[in-house]
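A short worksheet on the structure shown next.
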Protein chains: 2
Amino acid sequence: MLRGAPAGGPADFQTVRESNLGLVLRTVRERAPCSRAEVAAATRLTKATVSSLVADLIAHGLVREIGAAPARRVGRPGVMLALDERRIAAVGLEVNVDYLTVVAVDLAERELLARHVPFDAGAAGPQAAAERLAALAGATAADPLLADRTLLGVSVAVPGLIDSPAGVVTDAPNLRWRGFPLRDRLRELLGAAGLTGMPLLVDNDANLGAVAEYRSGHLAHTLDLVYLTGEVGIGAGVLVEGRPLRGSTGYGGEIGHIPLARDPLCGCGRRGCLEALAGIHAIVRRAVPDLVPAGPITGERVAAAVAATVRRAEDGDPGVRRALAEAGEWLGRGVATLVNLLNPQAVLLGGYFVPLAPWLLPPCAAQLDAHVIAPERGGCRVEASRLGLTAAARGGAAALVDALDTGRLPLPAPRPG
Amino acid sequence: MLRGAPAGGPADFQTVRESNLGLVLRTVRERAPCSRAEVAAATRLTKATVSSLVADLIAHGLVREIGAAPARRVGRPGVMLALDERRIAAVGLEVNVDYLTVVAVDLAERELLARHVPFDAGAAGPQAAAERLAALAGATAADPLLADRTLLGVSVAVPGLIDSPAGVVTDAPNLRWRGFPLRDRLRELLGAAGLTGMPLLVDNDANLGAVAEYRSGHLAHTLDLVYLTGEVGIGAGVLVEGRPLRGSTGYGGEIGHIPLARDPLCGCGRRGCLEALAGIHAIVRRAVPDLVPAGPITGERVAAAVAATVRRAEDGDPGVRRALAEAGEWLGRGVATLVNLLNPQAVLLGGYFVPLAPWLLPPCAAQLDAHVIAPERGGCRVEASRLGLTAAARGGAAALVDALDTGRLPLPAPRPG
DNA sequence: CCACTTAGTTCAGTAACCAAACTAATTGCG
DNA sequence: CGCAATTAGTTTGGTTACTGAACTAAGTGG
């Protein structure tokens, strides 16, 4: 499938070339080290075409020759190809309530650099945050760890509702941002910093978490998967056939407020939402009530309460274990609903769910077995994410590499060398 | 986007041509009557390319010239193009518990022919059903109403779990069919009947109902929509960006057994499933208990009970109204869940929900407003389908036309004329 | 050293696009 | 009426990027 052209638009030679460049790049990624002949056999392109495409990829610093193949019984040995992981970098930024994250990866999606900086995005406001993000991206691009690399693009993960095609933060309640044209603002700021004409991608943390799992999680290459954020809210990043399900107005994957019961009251004003039953606030309020005051609680306090919950659960505190079992059951009912509708191959739990997973997963799995209509849950696995705190930032960087892989991104400028 | 090639496969000139033929065909469908120049402007192809593509489409009997345009102020008037609805037919078959349906449509998806024949698919078994379906398709192809038309393909809608790419009926509990290779069997039978090399498509009734709504329902061209079957079970056909969401093992859209409450017991052995709360059995058992015996009930009996429910509701029977209001509320909670996860532009109710819609929809809409997190329900409309009993069969025929439109089907043989 | 095998390149052929020039048909104006 | 202006559609030449076949390159085995 030609994936380079805008959906439904006219196809021409350039589209074909981009599509096939992506195909060869993906093939080299999967099978490296491999020869041109092997790529030709795998893609059903002719050897001549593959040679031409590979020459292009080498000129653009995406593929390199890594020497002769180990000689076989007979015949000329091929020249082995691999991703050229020395020339390219993709930068992923992430906005959180109290810090910013930046991650840079190479073409093989290995981490080159990762940093967290404290930043109160709610208090500072979107304009100041955009300036800080642009500065962070600029410093990253200039970092010695990225020396001599061409930047593929910059992505930003924002917790909230994003109009990703437009690059606008429609509504991020936790940051108190509304209707902020983040991509346009970043384009100006990065242009002023000399990073001009850079592909810029804005998406929400759940979608990019899902992309991170798809490209480099422990269940990578799973085309239909769901990533559940376990932050203050619960959001689902859904990948259908490898592509994010955004919904018609960007509200796809809003699992946090699906109605599961008659009670209790949720922060959104409704009753019985998944978030009110299995959100991190609900969990710590039930598990460690002595450490959590009534009323709103800060991110730090939540982190501390989660840590305490883990400690007490490890110590076998029956009240804590009961609270976690109950939350796990409600989570399971919510996930069962999602699995019935979407039939994914995997559901990955992220955020605060990760440290609590040992106690949440067993009751969650039991509810899944009980409520999913497909036999064997339709083959769906439910597991904790292993990507850690940088999942969304990494997912953003990975999304840029994915765009290159699928012919949706122009090749970076060729090197004179 | 080039949609003709197998996903991820190599692209070549033929792929480009197929893609652009589809693009021009879609453009003519949308804007007819329109000139070549207008098509060129709309598609951003050059006039020369459009002329060449249109010549191909005319040769294959898909487009025709319908005379000069009304003259404008200045300039040569264009030759108007329109779909050639005289040459092509697509056949959609549908298997139900107690009857088979066949529908044939032309390229404009206007109905050429529609027939229902009584048939007990459960008692007869899949092999006999396949023979009957093949005979029905053969008779339809030979029908004078389809004289001189080239058959685009034959589709079959089956209520149950379908492996559509393989053309296998994995599990159709209401028919008691399991693991039946319907497409292969039909290919043999149709080959014997002289209909050889015909594209054959097998899918479930919910997905094809959704396609029917997308292509010819009253909300046609809605890219993200959900069609809810209201037969013995409740199934959802989900279209995401115009394509069916099948899930990783074919169990996508299984909304009937999402857990909404602790009670009552569902036919599947679980508790509180949507189907047990708002399925047609549950509705008539509560609305007209005097007409419905305990234990299993037949299709005819359900139809009669629904008709009685409608009559009494029209007469203002408070018990019936209360039962429908309650079912509508549960349906609304189920649909709200679906809308939160998928954010579609529309949800269409089909099957037995249609006659009951006047009483089900208001409480359903109220629950939607109460439980969907997106403002204004994310713009989602909830309405009764207006397609009637042939929705799935029409959807199958429409799916074949859609495949042609999107370059996924080879052009039918050109006419010597 | 030569037959054999496999890798990769070169080259002619072809398909299908584009741009520009051209022909065609119509209106409006002097 | 005849010619400029305008728009429709075709023709022509050029370009791109694929294919297939012939060719060169580099190895093994007898």
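So that the names make sense, note that chain A is the first sequence line, chain B the second, and so on, each numbered from 1.
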[X] versus [Y]: any side-chain heavy-atom pair under 4.5 Å?
X: A/Leu239; Y: A/Leu223; answer: no
X: A/Arg246; Y: A/Asn207; answer: yes
X: A/Ile58; Y: A/Glu65; answer: yes

Answer yes if the side chains of B/Ser52 and B/Thr49 hold a donor-acceptor pair under 3.5 Å, and no otherwise.
->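 Per modelled atom types, B/Ser52 and B/Thr49 side chains form no pair under 3.5 Å.
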
Flag yes if more than 12 heavy atoms outside B/His218 fall under 6.0 Å of its NE2 atom; otherwise flag no.
-> yes

Starting at atom [atom1] of [X], determine the distance to atom [atom2] of [N], rounded to an integer number of angstrom.
X: A/Arg44; N: D/dG20; atom1: CZ; atom2: P; value: 13 Å
X: A/Glu38; N: C/dT6; atom1: CD; atom2: P; value: 14 Å
X: A/Asn20; N: D/dA17; atom1: CG; atom2: P; value: 10 Å
X: A/Arg17; N: D/dT19; atom1: CZ; atom2: C1'; value: 14 Å
X: B/Arg36; N: D/dT10; atom1: CZ; atom2: C1'; value: 10 Å
X: A/Leu53; N: D/dA17; atom1: CG; atom2: P; value: 9 Å
X: B/Arg76; N: D/dT7; atom1: CZ; atom2: P; value: 14 Å
X: B/Lys47; N: C/dT23; atom1: NZ; atom2: P; value: 14 Å

Compare the minimum distances between each of [options] and the side chain of [X], then state the nucleotide with the smallest one.
X: B/Val79; options: C/dT26, C/dA19, D/dG9; answer: D/dG9
X: B/Leu45; options: C/dA16, C/dC18, C/dA25; answer: C/dC18
X: A/Ser51; options: D/dG9, C/dT9, C/dA19; answer: C/dT9
X: B/Val74; options: D/dT6, D/dG9, C/dT5; answer: D/dT6

Which is true for A/Ala48 with a 4.0 Å heavy-atom rule: it touches a base, it touches only sugar-phosphate, or it touches nothing?
-> base

Are OP1 or OP2 of D/dT19 and a side-chain N or O of A/Thr49 less than 4.0 angstrom apart?
-> yes

May I ask you to evaluate whether B/Ser35 reaches the phosphate of D/dT7, defined as a side-chain N or O under 4.0 Å from OP1 or OP2?
->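 False: B/Ser35 side-chain N/O out of range (4.0 Å or more) of D/dT7 OP1/OP2.
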
Nearest-nucleotide comparison on DNA chain D, the residue closer to the 5′ end among A/Pro77 and B/Gly78 = B/Gly78

Taking for each residue the nucleotide of DNA chain C bearing the nearest heavy atom, is the 5' side occupied by A/Ser52 or by A/Gly75?
->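 First, find each residue's nearest nucleotide; the 5'-ward one identifies A/Gly75.
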
